[in-house]
Amino acid sequence: MVKLTSEMKDGLRVPGKGGSLVYLATSSVDGKPNIAAMRYVDSYKDDKILISDMFLLKTKTNLKENPECIIAICHPMDSGRDWVFKGKAIDIEYGFPPDFDWYGIKAKEILDGWGDWHHKEPPDEVPPDVVYSKPAQRGVVVLHVEKIYSIEKSKVGEKIQ
Amino acid sequence: MVLKLTERMKAWIKTGCHLNVATKNGIPFLTVSRNVKSVSDDEIVFALSQDEYFVIKSAFSENPWVAIGVSKAGGIRACYQFKGKGTVDKEGGIYNLKVNLSEVYCTKPGCYAGQRLDTKPAQECEEWEHGLWTDLPK
């Protein structure tokens with residue numbers, strides 16, 4: 001059973017709060033991959049990673065047909081945060097029953113805590129031209145982490161947990 | 001429409017990329033390429049070390065699709081996603097993963113998220129991009 005370390009939890013926060021930019025990697029059910037960078041990231045309990053659904057398109061489509069998912073550190077790289085987190089993810093959107101369960105967590109606790117992320121942690125650290133003027137959050141992607149491996153130089157693919 | 005990467009895209013790709021591949025039934029596997037051997041108008045050759053290649057080898061051997069995002073600061077500044085089908089050749093201890101690109105998307109948060117770029121005429125794409133960004137990697 002995976003247990004995120006405190007170092008990982010520190011790294012899995014929004015960049016301006018000392019965290020990291022991450023890539024969210026998914027696939028259609030017939031194997032067409034997709035990858036997109038995500039800024040709003042956090043961890044929850046010991047085995048969940050959360051990402052805001054503000055502008056997800058293909059990622060959302062993929063997750064609705066195939067929950068297999070990867071979250072990997074994009075920036076910084078080669079500075080001790082070279083992790084890939086793999087497992088199953090769902091986009092918990094507004095309208096889900098409050099007691100909907102995803103590997104031991106409820107929709108309500110996720111949406112209450114991270115459902116208005118832009119106001120909770122406004123993006124004041126990114127250049128003005130990448131700040132969107134009016135975000136509209138539709139849900140929170142929750143990855144249940146089952147494996148962690150490395151993308152550290154010369155150790156890519158090595159199992160961490 | 002002929003796919004033609006812009007000079008800015010090429011410059012950012014050369015800084016290194018995250019590569020996502022998947023099995024035929026959709027299990028993703030991710031690796032990184034710290035060394036990009038070449039970038040032409042519609043093709044990228046990644047020079048992968050053995051460990052960088054082996055993590056995707058099994059999935060890639062059954063499904064050639066590759067999705068590509070720029071690593072490090074490129075994840076913020078180079079908001080593109082590139083997709084195509086790849087082949088691999090071994091040269092010494094290096095695995096040259098050649099991807100023939102067929103799709104390019106903008107991933108900038110906001111109204112342009114998901115905008116397909118390879119369907120625009122090359123000149124129009126370049127002008128559109130220039131309206132958003134002009135910076136090159138340092």
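The structure displayed is predicted, hence computed values, not measured ones. Proteins come first, then strands; the chains are lettered A, B, ... in the order of their sequence lines, and each starts at number 1.
For the set A:Val29, A:Leu56, A:Leu57, the entry with the most heavy-atom pairs within less than 4.5 Å of chain B is A:Val29. Between chain B and the options A:Lys86, A:Lys155, A:Glu158, heavy-atom pairs under 4.5 Å are most frequent for A:Lys86. The candidate from B:Ala22, B:Ala59, B:Ala67 with the greatest count of non-hydrogen atom pairs under 4.5 Å with chain A is B:Ala67.
For A:His75, the ring pair (Phe, Tyr, Trp, His ring centres under 6.0 Å) criterion is met by no residue, not counting sequence neighbours.
Taking 4.5 Å as the limit, some side-chain heavy atom of A:Asp78 sits within range of a side-chain heavy atom of B:Arg34. Taking the side chain as every heavy atom from C-beta outward, A:Ile35 and B:Ile68 never approach each other to under 4.5 Å. In this structure, A:Lys58 and B:Gln81 have side chains that are not in contact, with every pair of non-hydrogen atoms separated by 4.5 Å or more.
Applying a 4.5 Å heavy-atom cutoff, the residues of residues 2-18 of chain B that approach chain A are B:His18. The stretch residues 94-104 of chain B places B:Glu103 near chain A, each with some heavy atom under 4.5 Å from a heavy atom of that chain. Using non-hydrogen atoms only and a strict 4.5 Å limit, the part of residues 48-58 of chain B facing chain A consists of B:Asp51, B:Glu52, B:Val55.
Side chains of A:Asn34 and B:Lys83: a donor on one and an acceptor on the other come within 3.5 Å.
Within the 4.5 angstrom heavy-atom criterion, atoms from both the backbone and the side chain of B:Phe29 approach chain A. Only the backbone of B:Lys24 comes within contact range of chain A, with heavy atoms under 4.5 Å apart.
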